[in-house]
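Data first, discussion second: the structure below is written as structure tokens.
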Amino acid sequence: LHKREQYIHPLSVFLHIFVSKGVLVNTLNSTDPYTAAGWPVFPCNRNKKPITQNGFKDATTNPEQIKQWAQSYPDASVAIATGYKSGLFVLDVDVKGIDGIAQLSRLIADNGCLTVAPKSLPVVRTGGGWLHYYFSRPPGKHWKSTAGIYPGIDIRCDGGYVIAPPSNHPNTGKRYRWIQPPEKGK
């Protein structure tokens, strides 16, 4: 692990949200683990824009539709709809340029959010170097996807999506990868 990754895992804290349901990703070219977890997916182009007419609203767990998209768009990135559709709340933390980890610590301190998430918190390193922390969507409130809740920190929830492993980043060509995959059967 890189030095920064060693720092991230013990931090694994944010608000009072607990770990999302999940399943271990065993293969780089299958959406089965996502759909088995109930995470609807859809294809995006190399610039992270939806290919389908209705974008994240077209996300599905239907294997036949996903197979059709895979055949029609073999170079597409995999996107997971966040929010109501999947039950996911994802923190998108910049670890390049702005120190998103320091900002995350500040956000926690400023809001008195001291609950520690389990060590099994699912985390993705994006191809651009950011981190995606996967949480269960908190019930009740509308959690709109929002950029810049703090410098270097975005929320991906209702009305949003994240690009997922094994997609490649459009600028760097690097793969999105699990640092801490979701636990199987969660």
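Given the structure is predicted, the values throughout are model-derived calculations rather than measurements.
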From I163 atom CD1 to N168 atom CG, the distance as rounded to the nearest 0.5 Å: 11.0 Å

With Y84 via side chain to side chain donor-acceptor pair (under 3.5 Å) - residues at least two apart: R137

Carboxylate-amine/guanidinium proximity below 4.0 Å for R156 and D92: yes

Where G127 and T172 come nearest, the two heavy atoms and their spacing: O-OG1, 2.7 Å

Min side-chain heavy-atom separation V41-T35 under 4.5 Å: yes

Ring centroid separation W143 to F135 under 6.0 Å: no

Donor-acceptor under 3.5 Å (N45 side chain, N47 main chain): yes

Contact check, side chains of L91 and H132, non-hydrogen atoms, under 4.5 Å: no

Heavy-atom side-chain proximity of I155 to V90 below 4.5 angstrom: no

Distance, nearest 0.5 Å, that separates OH of Y73 from SG of C44: 11.5 Å

Side-chain touch V124/R177, heavy atoms, less than 4.5 angstrom: no

Value rounded to 0.5 Å, distance of CG in L88 from OH in Y34: 11.0 Å

Spacing of S167 atom OG and R46 atom CZ [to the nearest 0.5 Å]: 11.0 Å

CD1-CG distance between I51 and D75, expressed to the nearest 0.5 angstrom: 9.0 Å

Atom of G83, atom of D158 and distance for their closest heavy-atom approach: CA-OD1, 3.2 Å

Heavy-atom side-chain contact between K48 and H169 under 4.5 Å: yes

Flag side-chain contact, heavy atom, 4.5 Å: P122 against Q180: no

Which side-chain N or O atoms in residues 52-64 pair as donor and acceptor under 3.5 Å with protein atoms at least two apart or in another chain?
from: T52; atom 1: OG1; to: G55; atom 2: N; distance (Å): 3.3
from: T52; atom 1: OG1; to: G55; atom 2: O; distance (Å): 3.3
from: T52; atom 1: OG1; to: D58; atom 2: OD2; distance (Å): 3.0
from: N54; atom 1: ND2; to: D58; atom 2: OD1; distance (Å): 3.3
from: D58; atom 1: OD2; to: N54; atom 2: N; distance (Å): 2.8
from: T60; atom 1: OG1; to: N62; atom 2: N; distance (Å): 2.9
from: N62; atom 1: OD1; to: E64; atom 2: N; distance (Å): 2.7
from: N62; atom 1: OD1; to: Q65; atom 2: N; distance (Å): 3.0

Aromatic ring pairing F42/Y161, orientation class (parallel under 30°, perpendicular over 60°, tilted between): perpendicular

Exam field: side chain S72 to backbone Q68, donor-acceptor pair closer than 3.5 Å: yes

Whether S145 side chain and C157 backbone form a donor-acceptor pair below 3.5 Å: yes

Beyond-backbone contact of Y133 with V93, side-chain heavy atoms, under 4.5 angstrom: yes

Aromatic centroids of Y134 and W178 separated by under 6.0 Å: yes

From CD (Q71) to CD1 (I66), nearest 0.5 Å: 12.5 Å

